[in-house]
Amino acid sequence: MPILSPKRPGAARRRRGRSQGVAAFLLLAPFFAVFVVALVAPLVYAVDLSFFTERSSGLGFGGSEKVFHGLGNYRDALTSEHFQDGFVTLAMYCVIYIPVMVGLAALFALLIDATTTRAGKFFQLTLFLPHAVPEIIAGLIWAYLYTPGISPVLGVLSDGGIEIDMLGRSWVLPGVINISVWMWTGYNMVILYTALKAIPNETLEAARVDGASGWTVATRIKLPMIRQAMGVVVLFTVIGSLQMFNSPMVMRSAGSALDADYSPAMFIYHTAFGVNDIGVAAAASILLAVAAGVLSWTVTRIAGRKESM
């Protein structure tokens, strides 16, 4: 009678594990391919460009050659007054824009959360619609509304004796902030509203039984319980603010008093395609990416620290 060898469960488990690993690799391979092509490769290429510069030989008639410049491009970008002024403008933009937008998003989320289900869905969709408009189109819409002589809004204000030049230098920053608030308040309101719906009903009912008013429930219970979601909103807003480009560019094309290097992103674009200094533009883009990483880390640490308190 032949002796049958016992089955080894470990071997079957290893085969199952290998097959699962192959399946996971096949599923993740498209993502990593796009990640490498769309993010890693451009980043490596930008770093490579940031260490070189173009220099003309002789009197400029012999063409230009690519030479190693070391950290010179980074020094030129950091010492550029236009690049520094762009960060000053960006800081002023964030100081005004982020509190206004996050405050409005939280207010609208609380109001919708307090309404009936059908009315809440209607207002949620209505407030979200501006975000569905592409930023370039939104910039064109507001550039039309900012242009004196053709804007119906400015025409009504002018008839009432109020003269506002939204394309003038003193109104440029409020105009850009207004476009951003119009576009992103509804998007972030949805995030905060979703966090509000995750609050246990038992907590809210207990507060109402204890005699808490609607204002007290909103400010003492709801807002503290969505603090983490508000931290995420602030983090995304800070990162997005560093990339401020489309709206100012559209306003500039409409005749605004905006400089070509109004923001760091516009400085990079102008340096690369206006001045044709690719090395400094690449170095400035790397510095902007580093600034975004540092700010993201800072906001995350502050939000985490407040959450643990």
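All heavy atoms count here, side chains included; hydrogens, waters and symmetry mates do not.
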### Query
In the hydrophobic clustering (ILVMFWY, side-chain contacts below 4.5 Å, transitive), which residues join Y45, or is it alone?
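Cluster partners of Y45: L49, I278.
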
What residues, two or more places apart in sequence or in another chain, satisfy ring pair (Phe, Tyr, Trp, His ring centres under 6.0 Å) together with [X]?
X	result
H69	none
F87	F83
Y187	H131, W184

### Task
Please report the shortest heavy-atom distance between V299 and G231, naming the atom on each side.
CG1-O, 4.3 Å

### Nearest atoms (heavy-atom pairs only) where I199 meets M225
CG2-SD, 3.8 Å

Taking only distance into account, with no hydrogens and no angle test, what donor-acceptor pairs under 3.5 Å do side-chain atoms of residues 200-213 form with protein atoms, sequence neighbours excluded?
from: S213; atom 1: OG; to: T216; atom 2: N; distance (Å): 3.3
from: S213; atom 1: OG; to: T216; atom 2: OG1; distance (Å): 3.0

### Query
Ignoring hydrogens and geometry, is there a side-chain-to-backbone donor-acceptor pair from D113 to K197 under 3.5 Å?
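Absent.
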
### Message
If we ignore hydrogens and angles and just use 3.5 Å, is the side chain of S158 paired with the main-chain N or O of G155 as donor and acceptor?
### Response
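Not at all, since once roles are kept as given, no pair shorter than 3.5 Å links the two residues.
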
### Query
If you look only at pairs with a residue in residues 280-302, which of them pass as a ring pair (Phe, Tyr, Trp, His ring centres under 6.0 Å), with sequence neighbours excluded?
none

Please list every donor-acceptor pair under 3.5 Å in which a side-chain atom of residues 140-154 meets a protein atom from a residue at least two apart or in another chain.
from: Y144; atom 1: OH; to: I150; atom 2: O; distance (Å): 3.4
from: Y146; atom 1: OH; to: G175; atom 2: O; distance (Å): 2.9
from: Y146; atom 1: OH; to: N178; atom 2: ND2; distance (Å): 2.9
from: T147; atom 1: OG1; to: A143; atom 2: O; distance (Å): 2.5
from: S151; atom 1: OG; to: L145; atom 2: O; distance (Å): 2.5
from: S151; atom 1: OG; to: V153; atom 2: N; distance (Å): 3.4
from: S151; atom 1: OG; to: L154; atom 2: N; distance (Å): 3.2

Enumerate the side-chain hydrogen bond (donor to acceptor under 3.5 Å, both in side chains) contacts for [range], please, sequence neighbours excluded, ordered by first and then second residue.
range	answer
residues 268-285	none
residues 168-177	none
residues 81-101	H82-D261, Y93-S180

### Query
Are V102 and M92 co-members of a hydrophobic cluster defined by side-chain heavy atoms under 4.5 Å apart?
yes

### Message
Suppose we screen for side-chain contact (heavy atoms from CB on, under 4.5 Å). Which residues come up paired with L28, at least two apart in sequence or across chains?
### Response
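If we apply the side-chain contact (heavy atoms from CB on, under 4.5 Å) test to L28, skipping adjacent residues, the hits are F32.
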
Taking only distance into account, with no hydrogens and no angle test, what donor-acceptor pairs under 3.5 Å do side-chain atoms of residues 232-245 form with protein atoms, sequence neighbours excluded?
from: T237; atom 1: OG1; to: V233; atom 2: O; distance (Å): 2.6
from: S241; atom 1: OG; to: T237; atom 2: O; distance (Å): 2.7
from: Q243; atom 1: NE2; to: I239; atom 2: O; distance (Å): 3.4

